[in-house]
Structure formats: structure tokens, C-alpha cells
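Worksheet: one structure, shown below.
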Amino acid sequence: MRKLLLTMAVLILAMPAAQAASIRPIGSGQQGHQIIYDVIEVGLAELGYESGEMLTGSYPVIYLSVAQGDADYTAVNWMPLQKQLFEKSGGDDKLLNAGPLYTGAMQGYFIDKATADEHGITSLDQMKDPAIAALFDTDGDGKANLIGCNPGWGCEKVIEHQLDAYGLRDRINHDKGEYFALVANAIENHKSGKPIFYTAWEPEWTNAVLVPGKDVVFLNVPFSSLPGIENANTKWKDGRDPGFAYNDNYILVNKQFAKANPKAWTFLDGLRMPIADLDEAAHRINSGENGAEQIKALAKEWIAKHQAEWDALIGKAKSAG
């Protein structure tokens with residue numbers, strides 16, 4: 001018996017350590033966001049975690065999945081744009097906002113600069129003029145066709161609200177198909193000299209192709225108005241008003257997971273990625289560095305660029321809990 005026990009003890013000591021806990025991310029499937037998840041995966045691996053297969057879904061599904069514990073986190077969570085999704089999914093009782101990962105994210109309505117200059121268009125309110133709206137008509141009904149946001153996105157609700165608030169429902173069609181397919185078509189139309197009308201945000205690769213101020217211009221809205229927010233203020237400091245509030249992006253984390261994993265929480269809460277870095281990465285991904293291994297390489301390149309801050313954050317996370 002003693003020999004058997006000794007043998008078992010030796011075998012136990014010789015066994016490899018238990019596998020690291022698996023963390024389940026969820027995202028919308030947008031390729032431009034993948035570098036963020038790859039950076040997070042590297043950091044969590046250094047803390048002893050394994051990242052499970054990426055889950056994908058619409059934003060309402062994403063928020064519910066994190067709240068219910070079907071996923072542990074999502075890396076794209078704009079506040080205040082997606083505040084209603086946060087609250088409807090359980091809010092502070094079930095969710096935590098880590099970060100912010102980056103701050104000062106913008107969004108707005110854009111048209112091509114050539115049409116703006118030729119017709120003196122500076123405001124969304126000018127779409128009330130049938131002649132102006134008809135310039136951006138792509139389906140022959142006389143209304144302007146706005147490339148908007150996918151159903152379920154936070155910006156879809158903003159646009160739908162503003163079409164009514166600004167009295168533009170009869171002048172603008174909100175095209176809500178697959179955004180990136182629609183904007184790719186707009187880019188081709190722009191190359192052909194045709195007018196284009198779309199919404200865009202930062203960080204995103206479209207800004208590197210349709211450069212604000214050079215290729216396109218953003219339109220002011222007549223006044224600030226956001227769904228569910230009284231006395232909304234979307235004005236910039238210089239007086240311009242794009243209609244969308246500046247947003248900070250947080251990593252949305254399941255509250256129970258955060259409490260049970262202080263090392264992971266400390267890392268997610270402390271991670272910072274400047275918008276300029278994400279714009280550059282998104283442009284490189286859109287320009288061809290879009291294979292899974294190529295995006296992982298971009299993530300490692302980003303970490304190396306910020307190695308001192310990275311090492312400090314990993315050290316802090318390892319000492320947590």
C-alpha cells in the first residue's frame with residue numbers, strides 16, 4: 001500500500017499543471033475590431049488564461065450574452081451611445097465597464113466634398129430642400145439615400161430618432177443593410193464622381209479612404225437631440241455639432257467573472273489603446289494585412305510599441321487578488 005501511495009504521489013507531481021481558465025470573448029465580427037481582441041488575448045495569456053473561440057452576434061445579443069455569463073467580455077462598448085443596451089441587459093447588477101480603452105470617439109454624417117462645395121451644403125437640415133436631397137438619391141424615389149447603421153446598432157437608434165426630430169423622414173431614406181458592404185459601394189461611387197451620403201465613426205478604416213476635410217465633409221445638425229437623453233449636447237468645443245456625442249469605449253465585462261478573476265479584471269480595466277493607433281491598424285487591415293496571423297502580428301507590433309506601459313500593466317495584474 002505504501003509503495004502504491006508513493007507511486008501515486010510521484011505521478012501526481014509529474015502531471016502537468018492544470019490548464020488555464022478559459023475566457024470567452026464575444027464581438028460583432030467586424031474585422032477592424034480584431035486587433036483589440038488579439039491584444040487582449042496576449043495579455044490574458046501572460047496572466048495564465050486561455051481565450052476560447054470568439055463568439056459573434058448583434059449588439060443586443062452581445063450585451064445579453066455578457067450579462068447572462070454566456071460570454072465573459074466584449075471589447076467594443078461605446079458610452080453613452082450604447083447606454084440603453086447596457087441598462088436593458090441588467091446594467092450595474094450584472095455588468096461592469098472596464099477602462100475606458102479609448103476616449104473621444106466621434107461619429108457624424110458625411111457627404112462628398114465636391115458636392116458640398118458645389119451646392120454650399122454644410123448642414124443636415126439642408127436635406128429638407130427636395131433639390132438637395134435628390135442629389136443623393138440612389139433608388140429613384142427623390143429622397144436622399146443615407147448609408148446608416150445596421151439594425152440593432154446604437155447609432156441606428158440615434159439616426160432613426162433624428163430623422164423625426166429634424167423633420168427629415170420624408171426627405172431621407174435610412175439604408176440599413178450591411179454597413180461595410182454599403183460603404184464599399186459608396187467608395188466606388190466616389191471614385192466615379194458620384195455624390196455620396198453616409199455616417200461614419202472613429203476609429204474605423206473608412207476615414208483613411210474617405211478622408212474628412214479632403215474627400216468628404218461632415219454635416220452639422222440643426223440642434224443636439226439624442227434618444228432618451230434630455231438636454232442632449234453633442235456640440236464640439238469649436239461650435240460644430242455632428243449630432244453624435246463624443247463616446248468613450250469600455251470593455252464590457254460580466255460582473256461575476258470580474259469578481260472571480262481579479263487579475264483579468266485588473267488587466268482589462270487598465271488597458272489603453274489610443275484612437276490614432278487603432279485608425280492606423282484598421283487602415284493596414286483594410287489595405288491587405290487582414291489574415292488572422294497578420295492581425296495577430298499587428299497586435300504584437302502594437303504591444304512592442306508600448307512595451308513599458310504593457311509590462312507595468314501585466315505586473316500590476318499579476319499582483320491583483
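For the residue pair N150 and E156, no side-chain donor N or O sits within less than 3.5 Å of a side-chain acceptor on the partner. Using a 3.5 Å distance cut-off with no hydrogens or angles, the side chains of S58 and Y63 do not pair a donor with an acceptor. With no hydrogens or angles considered, a side-chain donor-acceptor pair links W302 and D277 at under 3.5 Å. Side-chain contact of Q162 with S225: a donor-acceptor pair under 3.5 Å is absent, judged by distance alone. Using a 3.5 Å distance cut-off with no hydrogens or angles, the side chains of S65 and D70 do not pair a donor with an acceptor. The closest side-chain donor-acceptor pair between N77 and N97 falls under 3.5 angstrom.
Separation of atoms CG (L226) and CG (N231) is listed at 11.5 Å; rounding is to 0.5 Å. In this structure, I40 CD1 and I36 CD1 are separated by 7.0 Å, a value rounded to the nearest 0.5 Å. Atom CG of N189 is separated from atom CD1 of I147 by 8.0 Å, given to the nearest 0.5 angstrom. Of the inter-residue distances, the one linking I35 atom CD1 with K300 atom NZ reads 12.5 Å to the nearest 0.5 angstrom. Here the OH-CG distance, from Y73 to N261, works out to 12.5 Å after rounding to the nearest 0.5 Å.
In this structure, the side chain of D175 does not engage the main chain of C149 through any donor-acceptor pair within 3.5 Å. The closest donor-acceptor contact from the side chain of S319 to the backbone of K316 lies under 3.5 Å. For the pair R171 (side chain) and L163 (backbone), a donor-acceptor distance under 3.5 Å is absent. In this structure, S123 contributes its side chain and V221 its backbone to no donor-acceptor pair below 3.5 Å. Distance alone, capped at 3.5 Å, places no donor-acceptor pair between the D125 side chain and the P222 backbone. At least one donor-acceptor pair under 3.5 Å links the side chain of Q31 to the backbone N or O of N290. Not one N or O on the side chain of T234 forms a donor-acceptor pair closer than 3.5 Å with the backbone of S224. With N249 contributing its side chain and Y102 its backbone, the two residues share no donor-acceptor pair below 3.5 Å. In this structure, the side chain of Q294 engages the main chain of G291 through a donor-acceptor pair within 3.5 Å. Proximity of a side-chain donor or acceptor of D170 to a complementary backbone N or O of L168 within less than 3.5 Å is not detected.
Among all heavy-atom pairs drawn from A281 and L298, the shortest one is O-CD1, 4.3 Å. Heavy-atom minimum distance, G243 versus V158: O-CG1, 4.3 Å. Here the closest heavy-atom approach between residue A71 and residue L55 is recorded as CB-CD1, 4.1 Å. Taking all atoms of both residues into account, the shortest heavy-atom contact from S22 to D72 is O-OD2, 4.0 Å. For Y250 against P100, the heavy-atom pair with the smallest separation is CE2-N, 3.5 Å. Minimum interatomic distance between A317 and T266 (heavy atoms only, all atoms of both residues): CA-CG2, 3.8 Å.
Between E301 and R284 there is a salt bridge, with a side-chain nitrogen of the basic residue lying less than 4.0 Å from a carboxylate oxygen of the acidic one. Salt bridge D241/K235: absent, no basic N to carboxylate O contact under 4.0 Å. The existence of a salt bridge linking K157 and E160 is excluded, since no basic side-chain nitrogen approaches an acidic carboxylate oxygen closer than 4.0 Å. In this structure, E46 does not pair ionically with K263, as no charged nitrogen and carboxylate oxygen lie closer than 4.0 Å.
For the pair I275 and E202, the minimum side-chain heavy-atom distance is below 4.5 Å. Using a 4.5 Å cut-off on side-chain heavy atoms (C-beta onward), I196 and I111 make no contact. Between I121 and T115, some side-chain heavy-atom pair lies under the 4.5 Å cut-off. Looking at T199 and Q107, their side chains come closer than 4.5 Å, going by heavy atoms from C-beta outward. Within the 4.5 Å cutoff, the side chain of V76 has no heavy atoms near those of the I251 side chain. Counting only heavy atoms from C-beta outward, the side chains of I62 and S28 approach each other to under 4.5 Å. With contacts defined as side-chain heavy-atom distances shorter than 4.5 Å, the pair T74/Y37 qualifies. Side-chain contact between E41 and K296 is present, with at least one heavy-atom pair separated by less than 4.5 Å.
Qualifying salt bridge (Lys or Arg N to Asp or Glu O under 4.0 Å) partners for D117, counting only residues two or more places apart in sequence or in other chains: K113. Partners of R240 under the salt bridge (Lys or Arg N to Asp or Glu O under 4.0 Å) rule, at least two apart in sequence or in another chain, are D238. With sequence neighbours excluded, the residues that form a ring-ring contact (aromatic ring centres under 6.0 Å, His included) with F136 are F197.
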Let me see the working for D38 and V42 under side chain to side chain contact (heavy atoms under 4.5 Å, CB included), right down to the final yes or no.
-> CA-CA 6 Å; D38 285 348; V42 172; 5.8 Å; no
Audit row: Y59, S89, side-chain hydrogen bond (donor to acceptor under 3.5 Å, both in side chains) steps and yes/no = CA-CA 11 Å; Y59 280 104; S89 301; over 6 Å; no
Pair V66-V253, side chain to side chain contact (heavy atoms under 4.5 Å, CB included): steps then yes or no = CA-CA 7 Å; V66 176; V253 185; 5.7 Å; no
Let me see the working for F110 and L219 under side chain to side chain contact (heavy atoms under 4.5 Å, CB included), right down to the final yes or no.
-> CA-CA 6 Å; F110 291 83; L219 302 179; over 6 Å; no
Evaluate the side chain to side chain contact (heavy atoms under 4.5 Å, CB included) criterion for residues L278 and M273: first the C-alpha distance (whole Å), next the side-chain angles of each, then the deciding distance (0.1 Å), finally the verdict.
-> CA-CA 7 Å; L278 293 170; M273 297 184 72; 3.7 Å; yes
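Side-chain heavy atoms closer than 4.5 Å link hydrophobic residues (I, L, V, M, F, W, Y) into clusters, and following such links, possibly through other members, connects M106 to W205. Following chains of ILVMFWY side-chain contacts shorter than 4.5 Å, one cannot reach L81 starting from V61, and the two form parts of different hydrophobic clusters.
Here the options are Y166, F244, Y198, the test is ring pair (Phe, Tyr, Trp, His ring centres under 6.0 Å), and the partner is Y109; only F244 passes.
The neighbour count for K176 NZ, taken as heavy atoms of other residues, nucleotides or ligands under 6.0 Å away, is above 12. Annotation for E53: atom CD does not count as buried by contact number, only 12 or fewer foreign heavy atoms lying within 6.0 Å. The environment of CD in Q256 is sparse: at most 12 heavy-atom neighbours from other residues, nucleotides or ligands sit within 6.0 Å.
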Side-chain donor-acceptor contacts of residues 207-216 below 3.5 Å, not counting sequence neighbours, with atom names and distances?
unit_1 : atom_1 : unit_2 : atom_2 : d
N207   : ND2    : W201   : O      : 2.7
N207   : ND2    : E204   : O      : 3.2
D215   : OD2    : V211   : N      : 2.9

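The aromatic rings of W153 and Y179 sit tilted, their planes meeting at an angle between 30° and 60°.
Residue pairs that meet the disulfide bond (SG atoms under 2.5 Å apart) test with at least one member in residues 231-279, sequence neighbours left out, do not exist here. Pairs engaging residues 265-295 under the ring pair (Phe, Tyr, Trp, His ring centres under 6.0 Å) rule: F267-W310 [sequence neighbours left out].
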